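Written below as structure tokens is the structure these notes are about.
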Amino acid sequence: MFASFHAIVPMLCVTAAGFAAMVAEAFREKGEPMPIGPLGVVGLIGAAVSTALLWDRHATSFGVVTADNFGLFVTAILIVVGLLSLAISAPTVEREGLPRGEYYALMLFSLAGMMLMATATDLLVIFLALEVLSLAIYVLTGIRRDSQMGAEGAFKYFLLGGFSSAFFLYGIAFVYGLTGSTHLDRVGTLMAAQATSSGPLQILAVGLLLVGFAFKVSAVPFHMWTPDAYEAAPPAVTGFMSTGVKAAAFAAFVRVFLSALEPLIGGWSEIVWVLAAATMILGTVVGVAQTSIKRMLAYSSVAHGGYLLLALVSGNDTAKGAVLFYLLVYAVTNLGAFGIISVLETRDQANDRVTDYAGLWSTHPTLALMMTFFLLSLGGFPPMAGFIAKWYVFAAAIHAGYVWLAIIGVLTSVVSVFFYLRVIVMMYMSAPDADTRTTLPAVPQLAGAAIVISALIILYLGVLPTRVLEWAAASVSGII
Amino acid sequence: MGSEALLFWVFGLVTVVASLLVIAQRNPVYSVLLLIASFAGLSGLYVLLDAPFTAVTQIVVYAGAILVLFLFVVMLLNAPHEDTEEDIARLKTINAATARLRSGPLLFGALLAIVFVVELLWALRRITSAGRFDPDAADAVSSVSAIGRVLFTEYQFAFEVTSVLIIVAMVGAVVLARREPAGKKS
């Protein structure tokens, strides 16, 4: 009887932890310390254990959630994202006096939504999961109530996000109109049957779904909200949303476009080609001009979305494996980088201008070293995991015949190294401003540990990537 | 057929014109009232589509509950001197100042909207196979008991996920809207 619940156990654990956080906050006396963050860790560990147990089992729940290895791999990435985010959030919540129970509850609900989005095989459920994760993240973006910028960024994100959700829903409606079903494998077979007469309605349905996904992965030209939202949110939240949302959205993107809508690939591959090229180029070029590290990483996140789109358009099994590996590497790297931004922030000052990082090497040598690792990995330098990830994406693109797109990718990576190196040069070779040196705070232990662990994961994945790459490659067969 | 087509055009026109007028109003109260009119037209369209339950829900939930609430909020927030002549004049000068800044994105947005509408019309005009939809399937989901059955069998999981969605929305609303400054309770 309980067999039908197996596939949703990981997200049930996380949801339960979210409710536990809410209830714990409600029953907390004023001033009573209560480990609300660790409740989330317990839930995530539960999710990790169940994910490991579900591996290779191909469990299905209610016919709409499938815990195939692809979904489980993304779930595992999301668990890593969750653990690191909880660790780097703790000092932020403390420092800013954020409502503790609500913060962790929203973060955990959003994680549950992401996991559901990665494993759902029904368009309706994918939409609901998208809404769960988005609503929680809109609120987290604006959770600093005293920050005007936070309110502005959250509101922009909310309005544009609501708009894009409407597009997505409209696309689902057209798919339902065409096939009479929202279930992905049924949509896939019926689309394949109709593929010979690829009419305007199919194009419209695919286009609308594409807009919805492109917004969530912040592909150009649907990226306008990204820099504002990323800058406005507390850095810990930015780290969480830039990695978690990307992982979940790309998982669903791959599932919908490379399985259910694969028969129409002739109709959408050129559009995604253009999106990928524009995203890589604009993300990189505009990123060069930024003076705030947060905005720079926001544009870098846009550009990384472009590399992932490049893998998506390639469409073969190598590319799907490359997407999974890339998502993992990007998640760990970006969370580490935002962890550092987060611990360097103080109550009154964001300390996020590039010049604030001048002389970090002399004041916080370990942090400077870690930041160097993360930035080099984002830029794709050889000993770091980012290099391997990009290598596989470009290899998949060339393998699929998208040589020009791969060339654009390599060129933009080279340009992007410029802005990552600028920060590194600033950290090591510039003298610190006399007054900024004193304002940089001490590093909290938990967040520091999370940062070091991220750096170690990146080094490990960069030097010995074979095992994880094999897992990623093995988990893409039989996606539904 | 004739009367049904006539009703379709009447309801369709009411819906479209009312929706357009919603965004053309300066006074938000009128906007809300026009939105109710637009929803009424929509529910008429649902009746024509053999979906009486959806039509009734549209009236009860949207026009009845949500928009009345909306109206209350608008009226409570609407300061009496909101729309005076000098305010409008001031807004106009601000608009003129920012017009150049905004005209680029505005043009881009307008262009996208036009492209979208043209595409939609083009696509809908070219549908020839209207018989693709199964009329029995439509009958099966239009009665209340059929909707209930489908909701708790086929869409059971989606229904449960919606409850989490609502919890998230409520928690979020409380976090963003409560009066005490965050962090008082530490």
Side-chain angles (χ1 to χ4, degrees), chain A residues 8 11 15 18-19 22 25 28 30-31 61-65 94 96-103 105-106 109-110 112-113 116 120 122 124-125 127-129 131-133 135-136 138-140 142-146 151 154 167 174 177-178 180 182 197 199-204 207-208 221 224, chain B residues 49 104-105 108-109 111-113 115-130 132-138 140-141 150-186:
Chain A
I8 58 168
M11 64 202 84
T15 316
F19 282 118
M22 270 169 58
E25 173 74 22
R28 193 165 67 97
K30 235 173 213 180
S61 291
F62 307 102
V64 291
V65 180
E94 203 66 38
E96 307 269 344
L98 299 176
R100 210 165 294 172
E102 289 88 336
Y103 180 95
L106 286 170
F109 285 142
S110 149
L116 181 58
D122 188 290
L124 202 62
V125 177
F127 175 73
L128 283 171
E131 285 301 290
V132 169
L133 79 90
L135 276 184
Y138 301 146
V139 178
L140 283 175
I143 202 164
R144 287 195 283 199
R145 294 275 311 280
D146 48 356
F167 274 90
F174 274 107
L178 280 165
T182 53
S197 61
L201 267 189
Q202 275 95 336
I203 297 172
L204 205 67
L208 289 166
M224 317 296 198
Chain B
L49 286 171
F108 183 64
L111 195 75
L112 279 186
V115 167
F116 180 69
V117 170
V118 168
E119 215 171 75
L120 199 65
L121 287 177
W122 171 76
L124 292 178
R125 278 201 74 83
R126 287 189 38 180
I127 305 169
T128 46
S129 52
R132 184 172 286 146
F133 302 97
D134 184 6
D136 292 339
V141 292
V150 171
L151 195 61
F152 288 103
T153 53
E154 198 182 338
Y155 296 108
Q156 173 197 16
F157 185 69
F159 182 77
E160 297 299 336
V161 174
T162 311
S163 62
V164 177
L165 178 65
I166 291 170
I167 286 273
V168 170
M170 283 198 300
V171 173
V174 170
V175 168
L176 291 181
R178 67 169 160 201
R179 190 179 290 267
E180 49 160 358
K184 268 280 175 66
K185 178 185 175 186
S186 73

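Being a predicted model, the structure only gives us computed values, none of them experimental. Reminder, nothing fancy here: chain letters follow the sequence lines and each chain counts from 1.
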- Flag the pair B/Phe116 / A/Leu208 as yes when at least one side-chain heavy-atom distance between them is below 4.5 Å, and no otherwise.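 Touching, per the 4.5 Å side-chain cut-off.
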[atom1]/[X] to [atom2]/[Y] distance, rounded to the nearest 0.5 angstrom?
| X | Y | atom1 | atom2 | value |
| --- | --- | --- | --- | --- |
| A/Leu135 | B/Ile166 | CG | CD1 | 10.5 Å |
| B/Phe157 | A/Asp122 | CZ | CG | 10.0 Å |
| B/Glu154 | A/Thr182 | CD | OG1 | 7.0 Å |
| A/Ile203 | B/Trp122 | CD1 | CH2 | 5.0 Å |

Taking all heavy atoms of [X] and all of [Y], pick out the closest pair and write down the distance.
| X | Y | value |
| --- | --- | --- |
| B/Ala158 | A/Leu128 | O-CD1, 3.3 Å |
| A/Pro99 | B/Val175 | CG-CG1, 4.4 Å |
| A/Gly142 | B/Leu176 | O-CD2, 3.6 Å |
| A/Val132 | B/Val168 | O-CG1, 4.1 Å |

Where does [X] contact chain B at under 4.5 Å (heavy atoms): side chain, backbone, both or neither?
| X | result |
| --- | --- |
| A/Leu116 | side chain |
| A/Ile8 | side chain |
| A/Tyr138 | neither |

- Residues that B/Glu160 engages under salt bridge (Lys or Arg N to Asp or Glu O under 4.0 Å), provided they are two or more places apart: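 B/Glu160 satisfies salt bridge (Lys or Arg N to Asp or Glu O under 4.0 Å) with no residue once adjacent residues are dropped.
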- Measure distances from B/Ile167 to the heavy atoms of chain A and classify the residue's part below 4.5 Å as side chain, backbone, both or neither.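 The answer is the side chain of B/Ile167.
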